[in-house]
Amino acid sequence: MPWGGVISVGAEEGGAKPFPPTSAEHQALTASSPYLGNDAFTLRNDYWKGTVSTDSGTAVRLQFFKGNTYRLIFGVSTDHLPKTARLHLHIFDSKEKEVSTVAGEPGQAAIVLNFEKNRKTDLYLVLMRIEPQVGPTAPVEVPSVLFYGWE
């Protein structure tokens, strides 16, 4: 899945339009808003955009640097998210050990994982997954994004 374009919070000069309120980008930017006013926080302009299925997760590799605190924001489209599904983010180090995780509330369309004071510069595997609602259901492909930043 490709990394997407430049993050646009709202309408800007030159004809850029804000993301629709039900979009994955809108959900992720809303969840990241407490950090955007902090001058020490840098939100990366490139972001991952694709789909995550309720029957399997999607993973990306990111390089994190020692000493930084990272904020990973996973957002999904509210038009496609089953009402009781839960979002999950997991970070694994190069030895396949889980080093951080977060789970959202049922129906929550964005979550933030705070990876505090990283102890080692390395490549990490970030797994995004959507836990489906309880009971038998058909798999659903959910438009999703992963933003991240650091301080």
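If you read the sequence from its start, that first residue is 1, and numbering goes on from there. Values below: every heavy atom of this structure, side chains too, minus hydrogens, waters and symmetry copies. Please read all numbers here as calculations on a predicted model, not as lab measurements.
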From CA spacing to verdict: side chain to side chain contact (heavy atoms under 4.5 Å, CB included), M128, L89: CA-CA 5 Å; M128 299 164 273; L89 270 176; 3.6 Å; yes
Donor-acceptor under 3.5 Å (S23 side chain, P20 main chain): yes
F115 ring center within less than 6.0 Å of Y148 ring center: no
Donor-acceptor contact below 3.5 Å, side chain T42 vs main chain G149: no
Non-hydrogen atoms of S144 and W48 that approach each other most closely: O-CZ3, 3.6 Å
Atom of A24, atom of G75 and distance for their closest heavy-atom approach: CB-O, 3.5 Å
Same apolar cluster: V76 and V60, side chain cutoff 4.5 Å: yes
Sequence-distant partners of E131, salt bridge (Lys or Arg N to Asp or Glu O under 4.0 Å), two or more places apart: R86
For E141 against S53, the heavy-atom pair lying closest together: OE2-CB, 3.3 Å
Distance-minimising heavy-atom pair for G57 and R129: CA-CB, 4.0 Å
Sub-4.5 Å side-chain heavy-atom contact between W150 and R44: yes
Side-chain (Y70) to main-chain (L113) donor-acceptor, under 3.5 angstrom: no
Where at least one partner belongs to residues 28-41, residue pairs that pass side chain to side chain donor-acceptor pair (under 3.5 Å), sequence neighbours excluded: none
Donor-acceptor contact below 3.5 Å, side chain T54 vs main chain V140: yes
Cluster check Y47, L127: I/L/V/M/F/W/Y, side chain < 4.5 angstrom: no
Contact check, side chains of I91 and L62, non-hydrogen atoms, under 4.5 Å: no
Sequence neighbours excluded - ring pair (Phe, Tyr, Trp, His ring centres under 6.0 Å) pairs with any residue from residues 93-114: none
Side-chain donor or acceptor of N114 paired with backbone N/O of E116 under 3.5 Å: no
Residues which pass ring pair (Phe, Tyr, Trp, His ring centres under 6.0 Å) with F92, listed by chain and number, not counting sequence neighbours: none
For D55 against P139, the heavy-atom pair lying closest together: OD2-CG, 3.6 Å
Any Q27 side-chain heavy atom under 4.5 Å of F19 side chain: no
Qualifying side chain to side chain donor-acceptor pair (under 3.5 Å) pairs with a residue from residues 99-109, counting only residues at least two apart or across chains: H90-T101
Shared hydrophobic cluster, V145 / F41 (ILVMFWY, side-chain heavy atoms < 4.5 Å): yes
L72-L125 co-clustered via ILVMFWY side chain contacts under 4.5 Å: no
Other residues, nucleotides, ligands: >12 heavy atoms within 6.0 Å of Q63 CD: yes
Side-chain heavy atoms of V126 within contact of F64, under 4.5 Å: yes
Pairing residues for P34 by the side chain to side chain contact (heavy atoms under 4.5 Å, CB included) criterion, not counting sequence neighbours: none
